[in-house]
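Sequence lines set the chain letters: A, B, ... in the order given, protein chains first and strands last, and positions in each chain run from 1.
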There are 2 protein chains.
Amino acid sequence: MGPNVDRRPPVMADVARLAGVSHQTVSRVLNDHPNVRAETRTRVLRAIDQLGYRRNLVARALVTKHSRTLGVVSFDTTLYGPASTVYGIEQAARDAGYFVSIVSLRTIDRAGVNDAIGYLAEQGVDGIVVVAPQRSAARALDDLPAGMPAVAVEGWHQGDVSVVSVDQVEGAKLATSHLLDLGHETVWHVSGPADWLEAEGRIEGWRAVLTAAGRPIPDMLTGDWSPRSGYQAGKQLAAMAGDVTAVFVANDQMALGLLRAFTEEGVKVPEQISIVGFDDIPESEFFSPPLTTIRQDFGAVGRRSIDVLLRQIESGGALPHERLVVPPQFVLRASTAVAPR
Amino acid sequence: MGPNVDRRPPVMADVARLAGVSHQTVSRVLNDHPNVRAETRTRVLRAIDQLGYRRNLVARALVTKHSRTLGVVSFDTTLYGPASTVYGIEQAARDAGYFVSIVSLRTIDRAGVNDAIGYLAEQGVDGIVVVAPQRSAARALDDLPAGMPAVAVEGWHQGDVSVVSVDQVEGAKLATSHLLDLGHETVWHVSGPADWLEAEGRIEGWRAVLTAAGRPIPDMLTGDWSPRSGYQAGKQLAAMAGDVTAVFVANDQMALGLLRAFTEEGVKVPEQISIVGFDDIPESEFFSPPLTTIRQDFGAVGRRSIDVLLRQIESGGALPHERLVVPPQFVLRASTAVAPR
DNA sequence: TCCAAAGATGTTAACGCTAACATCATCCGG
DNA sequence: CCGGATGATGTTAGCGTTAACATCTTTGGA
């Protein structure tokens, strides 16, 4: 209606003119300032509606110094763990009225993480979450821009940054103890890649339980989290069937690979070998046999990390750094049984 | 060194002062403007380095009207498909020098998608990718803010928006034909939920092949993409073993559920029943038996969608809308065999 | 009834940057 | 050796918003 064929979108001044008020009053209406007459408010609202006005958050951010945007740096968001964590982060952030700008690293190294953090800082994010599961990446948090609120997820850190993570050591202990409780003499371990903090934590927990029980610590096999690497480890372990009666695998995907290898080699799970995984991906319950595993509540980790970050932002950075641990949960299914013979 | 304990970060003017030039010259250096003397450039660069200056992209965006940020609206980025697509999008965007701001919807409906698009528009994104696998969501693209470049991924659309997607119908045909070629009389189908465009496309392809071959079209079972729903469908199908010899399942996760149900019921795959899945998730190769499936190249979809979107942005919106189709790929593994008897 | 306090609105000045134009120094060919 | 073209730099004016202050209008109690 009308010759309203302006090419560029309306701005506050346009709304103000149409409503017959000053642009500041429009701003007040938009920001729920109390001192605006009800009648004026509705007049402004009507004008906004009529023009299809949308405020320009970029201009707002320039003056307020807050973009209400959070940065997230992550690694391979294709994997179930990172994907779920980032999802939890995004949900929690949006519930709190924040946007999320994501940088997904292809390879993770200190320089890459640093670059990502730098970009996000230029972009004016109010805070940064680094999903830093590797030692090298975690170290990048040492040279964060001054005054930038940040939180590390699944990271390890001694320095001055808050950390939220699942208790990997505890999870590994749960898994290993369960197998020992079933009467197995000892427990083998297929670990994740060396540089990963989660892999280290799981190794630590596994070793601790074995040591405490005075059991021999078998040679460790190392995978790369992929089903294929688990399959390869499985082939090796199958060759030792008889010696090996229980395996704690560092994640469910590798456990699937083991299961496949054992099936091919005619090794029965759990009759001959018991297996415990880690993560509890949605598929695990339907493996053959259904996988006993350790559940990580990634969603909770994401949410808690946003809690911590927002608290830090709102406190103006005057808050002590926190270390928040989310407990893992043991999930009993059908891939474990009492030791044979 | 020195009393440089200013609380707030340095701005261009600070750099200019230190380098003994005007702020505009600093801007020129930062934007690689040619007309700057080499000596001046290095002086400015040194000053930038010394102060630890980072440019403020918010201020820049305000004047240039470009934020170099792309918005992504997606649904449940926890699933392998959306997660991989979004990952591809993010990588391609960053390679092109763009940031990505993500909104992950919990539930997908027209209003939700519209809100998300609205938020992103206020935030000043240069374009929007909507991963809209559901009819209701795809329709939200009808009321996009005027002049906002956009592309729908895995979406269906007649209107004026570009679409990038995998050819679902073709994929389903590949799967169904393969089973027919193995001598099966007909092929059963476990579909995805009704409102999903992918589910519809797969049903269409399945029906088309059966119809063309003059085969009876069995009653369709419907799942919700989850392994559990596949498990339930599997239980039903197992009860009909003998009648049922071939099943095309709309995704790999449900196929896993079928496999589990069949194992429990003593139905042998592929000896008694052949199964073809869809997606080719990383786990499929290690199912028991390894799953014959249709691979979707989600990464390619993500990349192509960014290609299309950037072309649209750079052309100033004067470009015709494209419809880009990524072909699916048949992956033969061990879950299919010639029909029994 | 009058005045101070509170409420409603307007005016002006940033925020940090780039675009556009202005100015000065330098270069080269006739 | 001069004058216009070119290169190098500076100056000014916004971008669209909120903060801070100024102004005018109400309101309520002595």
Please tell me if A:Asn56 has a side-chain N or O lying less than 4.0 Å from either OP1 or OP2 of D:dG16.
no
First and last nt of DNA chain C near chain B, cut-off under 4.0 Å to heavy atoms, 5' to 3', are C:dG16 to C:dA20
According to a strict under-4.0 Å criterion, is B:Arg37 in side-chain N/O contact with OP1 or OP2 of D:dA8?
no
Closest non-hydrogen atom pair, B:Val131 against B:Ile108
O-CD1, 4.5 Å
NA contact type, A:Val21, heavy-atom cut-off 4.0 Å: base, sugar-phosphate, or nothing?
sugar-phosphate
What residue among A:Ile306, A:Val301, A:Leu309 forms side chain to side chain contact (heavy atoms under 4.5 Å, CB included) with A:Val164?
A:Val301
Which pairs of donor and acceptor atoms, one on a side chain in residues 23-30 of chain B, lie under 3.5 Å apart (sequence neighbours left out)?
{"from": "B:Thr25", "atom 1": "OG1", "to": "B:Ser22", "atom 2": "OG", "distance (Å)": "3.4"}
{"from": "B:Ser27", "atom 1": "OG", "to": "B:Asn31", "atom 2": "ND2", "distance (Å)": "3.3"}

Look for any protein N or O under 3.5 Å of an N or O in nucleotides 3-6 of chain D and output each such pair with its distance, or none.
none

In terms of the nearest nucleotide of DNA chain D, which residue is placed more toward the 5' end: B:His33 or A:Arg28?
B:His33
Does the side chain of B:Thr69 pick up a donor-acceptor pair with the side chain of B:Gln123 at under 3.5 Å?
no
Could you pull out all residues at least two apart from A:Asp126 that satisfy side-chain hydrogen bond (donor to acceptor under 3.5 Å, both in side chains)?
A:Ser67
Below 4.0 angstrom from OP1 or OP2 of D:dT18, is there any side-chain N or O of A:Ser27?
yes
Considering the options B:Thr77, B:Asp76, B:Thr78, which one meets the side chain to side chain donor-acceptor pair (under 3.5 Å) requirement together with B:Ser104?
B:Thr77
Between D:dT17 (P) and A:Leu30 (CG): distance, integer Å
8 Å
Qualifying side-chain hydrogen bond (donor to acceptor under 3.5 Å, both in side chains) pairs, either residue in residues 299-314 of chain A, two or more places apart:
A:Ser162-A:Gln312, A:Arg311-A:Glu322
Distances under 3.5 Å only, N/O to N/O: pair up the protein atoms with those of nucleotides 23-26 of chain D.
none

Counting only heavy atoms not in A:Tyr119 (residues, nucleotides, ligands), do more than 12 fall under 6.0 Å from its OH?
no
Please tell me if B:Thr40 has a side-chain N or O lying less than 4.0 Å from either OP1 or OP2 of D:dT9.
yes
